[in-house]
Structures are given as structure tokens and as C-alpha cells.
Amino acid sequence: MLTVHNVSFAYDTIPVLKNINFTIGKGKHIALIGASGCGKSTLLKVIYGLLDVDQGTLAWEDQKILGPSYNLVPGQKHMKYLSQGFELQSYRTVAENIGQYLSNFEPELKVGRVNELLEIVEMTPFATTKIENLSGGQKQRVALAKALAKRPELLLLDEPFGNIDNFRRSSLRRNLFAYLRRNKITSITATHDKTDILSFAEETIVIHKGEIVANGNTYNIYQNPKNYYIASLFGEVNELLVSNFLADSIDNKTVLLYPHELQIAPNSKLKAKVKKSYFNGNHFLVEAVFNNKIIFIEHTGSLTESEEIGIHVAEEIIRSRIRN
């Protein structure tokens with residue numbers, strides 16, 4: 001189990017992490033989300049032991065995690081940290097990079113292990129290709145395989161799919177997290193992509209300006225976001241007065257609604273004016289003006305600019321989301 005207790009960190013005098021507290025059980029997959037600059041990458045470096053904390057303690061199982069002031073070679077042997085820099089040797093092949101730290105005393109086992117990892121990251125055809133001849137996305141996949149090579153107990157991933165093409169990203173995510181579950185490897189993934197979160201992370205930690213503002217079951221955080229900031233990390237969100245929808249509400253109460261929760265209902269008394277429709281594949285994202293405020297609605301078809309539409313939200317959704 002990973003324990004992070006009252007951890008704070010600053011670069012020079014600028015605080016980046018403030019009183020961070022959480023624990024993670026073995027085999028869990030955690031998403032770490034927040035706006036750019038909130039401290040996600042710094043927290044991963046602190047957990048791995050690349051930075052010395054200003055206050056607080058960290059431990060993996062019963063072993064204290066210490067930074068570079070206490071270790072000649074920073075980093076924890078039971079963990080692997082995959083940064084956005086890849087850290088590959090460009091003059092060596094893909095297979096050589098993946099197997100760099102595997103023992104040469106059992107060559108057959110080493111070759112088998114490398115081949116297994118090549119399949120997981122879908123790089124088998126490039127086994128003998130030198131790193132310098134790969135694209136950014138291919139390098140990222142090799143770096144991921146290299147991080148898995150020695151079967152870490154805890155895998156720390158910083159935007160692990162950021163450079164990978166959309167058509168390959170989905171299968172790679174499935175392969176990776178299926179492998180982590182089979183091998184009971186704990187993971188923390190810092191990401192901006194909600195598809196990294198919703199399908200694969202059982203728990204989510206939300207950071208805002210260096211502080212944890214939400215920590216819990218991913219489904220619950222998505223369904224009941226505490227505030228606009230948290231909801232916005234999952235995509236477009238609307239913040240509307242409850243009094244628009246419920247006659248018995250107090251005027252200053254608001255509700256957070258995702259675009260798919262707003263419905264277009266021609267007979268509704270609540271009217272909005274269409275500004276633009278954006279094609280998103282299986283639906284259109286409609287931008288409209290409602291009570292002098294921009295709102296977003298998912299719809300099956302494109303709507304005409306300046307068209308008047310009626311909007312509706314199910315009462316049970318409103319009542320479950322009412323905020324002060």
C-alpha cells in the first residue's frame with residue numbers, strides 16, 4: 001500500500017503541493033487529474049523519490065520513500081516512473097531498449113519477456129528498428145514497455161498516451177490495464193484525457209492549485225461533482241439555476257449538468273437560441289444561449305444557427321445535483 005501523509009513541496013519559494021494526504025491499496029488503478037500546472041507531475045516525482053519534500057512522509061508498504069538527499073541513485077526499486085521525456089537510447093533498437101535492465105544470464109527468458117512486452121504495446125514489427133527512426137507515439141509505447149520490463153509493484157504514468165494516435169490509443173489502454181490487473185500492479189496515471197479515467201481507473205484524485213479537492217470512486221466523482229472545476233475536467237459542463245427547472249427551489253441554488261443530460265424538447269417552456277452545432281461523430285454538440293448564458297447540449301442532428309429550441313432535464317437528475 002502507498003501512503004502519502006501531509007506532503008508539501010515547493011520549487012524555491014513557490015508552493016506546488018500543499019498538505020497532500022491519501023492511501024492506495026495494492027492492485028488499484030488511480031487517475032490523477034487537474035488543470036495544467038496543478039502539481040500532478042510533481043506529485044508523481046515526489047512519490048518516486050526524485051524530489052525532497054518540504055514536509056510530510058511517504059511510504060510504500062513499510063518502507064519510507066526518501067528523495068535524492070538520501071539516495072545516491074534517486075528512485076524506488078519497487079516502482080517505475082514513466083515521464084513525458086521517454087528516456088530511451090536512440091542508437092539502440094526497440095528490443096534492446098525494452099530489455100536493457102533484464103538479466104543476460106537467462107537469454108531465453110529475456111527474449112520471451114521482451115516479445116511479450118512488444119505485443120502489449122503493439123510494437124512487434126519494430127523490434128529491430130532503432131529508436132531514432134521512430135515517431136513520437138512509437139517512442140512512447142517503447143518507453144511504456146521498458147517501464148514494465150522488471151514488473152514494478154507500482155507504476156507511475158505521466159500522460160502515457162499523449163503522443164499516441166487515437167486509433168491505437170484505445171487498444172493500447174485495454175492491453176495495458178488488462179496486463180496490470182493480471183499482474184496485480186498498482187498504477188497512478190496523471191492525465192488530461194477523460195477516456196483514460198472513466199473506463200480504467202477505479203478511483204480518481206482531483207488536484208487544484210496543489211491541493212486535493214476530491215478523492216474517491218471515479219463513477220461517484222463523475223456523477224456527483226462537488227464543483228464546476230471538477231466537472232469541467234470530464235468535458236463541457238453547464239452550471240444553471242435550479243429555479244429554471246423546479247418551481248419549489250431557492251433562487252441561488254445551482255446545478256451542474258453535462259451536455260448529454262440536457263434534452264431538446266419542442267414543447268418545453270424553457271427556450272434557448274442555437275449558436276453553432278459541432279459534429280462529434282455519433283452526436284452533435286450544440287452551443288446555445290439560455291438566459292444570456294452559453295450552454296452545451298448533445299443532440300442527434302445538426303441545428304440551424306439562431307433556431308429556437310426548448311430544453312428539458314429529468315427532475316431526478318436536478319434533485320440529485322442541487323448545490324448551494
Non-neighbouring partners of [X] that pass salt bridge (Lys or Arg N to Asp or Glu O under 4.0 Å), sequence neighbours left out:
| X | answer |
| --- | --- |
| E315 | R319 |
| D158 | none |
| D52 | none |
| E298 | none |

Closest approach of [X] and [Y], non-hydrogen atoms and distance?
| X | Y | answer |
| --- | --- | --- |
| N104 | K110 | OD1-NZ, 2.6 Å |
| T204 | I221 | O-CD1, 3.3 Å |
| G34 | Y229 | CA-OH, 3.3 Å |
| L17 | I20 | CB-CG1, 4.0 Å |
| A10 | P15 | CB-CA, 3.7 Å |
| F284 | G301 | CD1-C, 3.4 Å |

> L2 and side-chain contact (heavy atoms from CB on, under 4.5 Å): which partner among I30, T186, I188?
Replying inline: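 Exactly one candidate clears the test, I188.
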
>> Please identify which of these residues, L157, L44, T189, meets the side-chain contact (heavy atoms from CB on, under 4.5 Å) condition with L32.
In response: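 The passing option is L44.
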
For the backbone of [Y] and the side chain of [X], can you confirm whether one donor and one acceptor N or O come within less than 3.5 Å of each other?
| X | Y | answer |
| --- | --- | --- |
| N183 | I185 | no |
| R113 | A149 | yes |
| T218 | A201 | yes |
| S8 | D54 | no |
| R181 | G27 | no |
| K80 | K150 | no |
| R321 | V255 | no |
| Q140 | E159 | yes |
| R92 | N97 | no |

If we ignore angles and hydrogens, is there a donor and acceptor under 3.5 Å between the side chains of [X] and [Y]?
| X | Y | result |
| --- | --- | --- |
| E153 | W60 | yes |
| Y228 | T254 | no |
| R173 | T195 | yes |

Distance (rounded to the nearest 0.5 Å) between [X] [atom1] and [Y] [atom2]:
| X | Y | atom1 | atom2 | result |
| --- | --- | --- | --- | --- |
| L51 | L43 | CG | CG | 10.0 Å |
| L270 | L262 | CG | CG | 9.5 Å |
| L176 | S171 | CG | OG | 11.0 Å |
| L88 | E132 | CG | CD | 12.0 Å |
| I33 | I197 | CD1 | CD1 | 4.0 Å |
| Q84 | N163 | CD | CG | 8.0 Å |

Contacts of [X] that satisfy side-chain contact (heavy atoms from CB on, under 4.5 Å) - sequence neighbours left out:
| X | answer |
| --- | --- |
| N6 | N19, N21, Q55 |
| E305 | none |
| E106 | L109 |
| Y222 | L198, F234, Y258, H260 |

>> For residues 102-159, which residue pairs pass the ring pair (Phe, Tyr, Trp, His ring centres under 6.0 Å) check, not counting sequence neighbours?
In response: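 Applying ring pair (Phe, Tyr, Trp, His ring centres under 6.0 Å) to every pair that reaches into residues 102-159, excluding sequence neighbours, yields nothing.
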
>> Considering only residues two or more places apart or on different chains, which pairs with a residue in residues 34-57 satisfy ring pair (Phe, Tyr, Trp, His ring centres under 6.0 Å)?
In response: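 Passing the test, one end in residues 34-57: Y48-Y81.
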
Would you call [X] and [Y] a side-chain contact if the rule is heavy atoms closer than 4.5 Å?
| X | Y | value |
| --- | --- | --- |
| L257 | I318 | yes |
| H192 | S36 | yes |
| I65 | M79 | yes |

>> F290 vs N238, test: side chain to side chain contact (heavy atoms under 4.5 Å, CB included). Steps then yes/no.
In response: CA-CA 11 Å; F290 173 67; N238 304 295; over 6 Å; no

>> One thing to verify: whether K26 and E61 come together as a salt bridge, which I'm taking to mean a side-chain N less than 4.0 angstrom from a carboxylate O.
In response: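 K26 and E61: salt-bridged.
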
Please answer: with hydrophobic residues joined when any side-chain heavy atoms are less than 4.5 Å apart, are [X] and [Y] in the same cluster?
| X | Y | result |
| --- | --- | --- |
| V274 | I297 | yes |
| V237 | I311 | no |
| I295 | V242 | yes |
| L102 | I120 | yes |
| L58 | I207 | yes |

>> Under the ring pair (Phe, Tyr, Trp, His ring centres under 6.0 Å) test against H29, which residue among F200, F177, Y179 passes?
In response: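 Option passing the ring pair (Phe, Tyr, Trp, His ring centres under 6.0 Å) with H29: F177.
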
> Can L172 and L144 be said to form a side chain to side chain contact (heavy atoms under 4.5 Å, CB included), step by step?
Replying inline: CA-CA 10 Å; L172 179 58; L144 178 57; 4.3 Å; yes

Does [atom1] in [X] sit with more than 12 non-hydrogen atoms of other residues, nucleotides or ligands closer than 6.0 Å?
| X | atom1 | answer |
| --- | --- | --- |
| Y101 | OH | no |
| H5 | NE2 | no |
| K276 | NZ | no |
| D62 | CG | no |
| K18 | NZ | yes |

>> Taking transitive links into account, so neighbours of neighbours count too, which hydrophobic residues share a cluster with F296 at under 4.5 Å side-chain distance?
In response: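 Members besides F296, by chain and number: Y278, L285, V289, I294.
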
> Taking the hydrophobic residues Ile, Leu, Val, Met, Phe, Trp and Tyr, and joining any pair whose side-chain heavy atoms are under 4.5 Å apart, which ones share a cluster with L66?
Replying inline: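 Members alongside L66: Y70.
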
>> Using the rule given for side chain to side chain contact (heavy atoms under 4.5 Å, CB included), can you reason through I47 versus L154, listing the C-alpha separation, both sets of side-chain angles and the distance that settles it, and then say yes or no?
In response: CA-CA 10 Å; I47 293 171; L154 174 61; 4.1 Å; yes

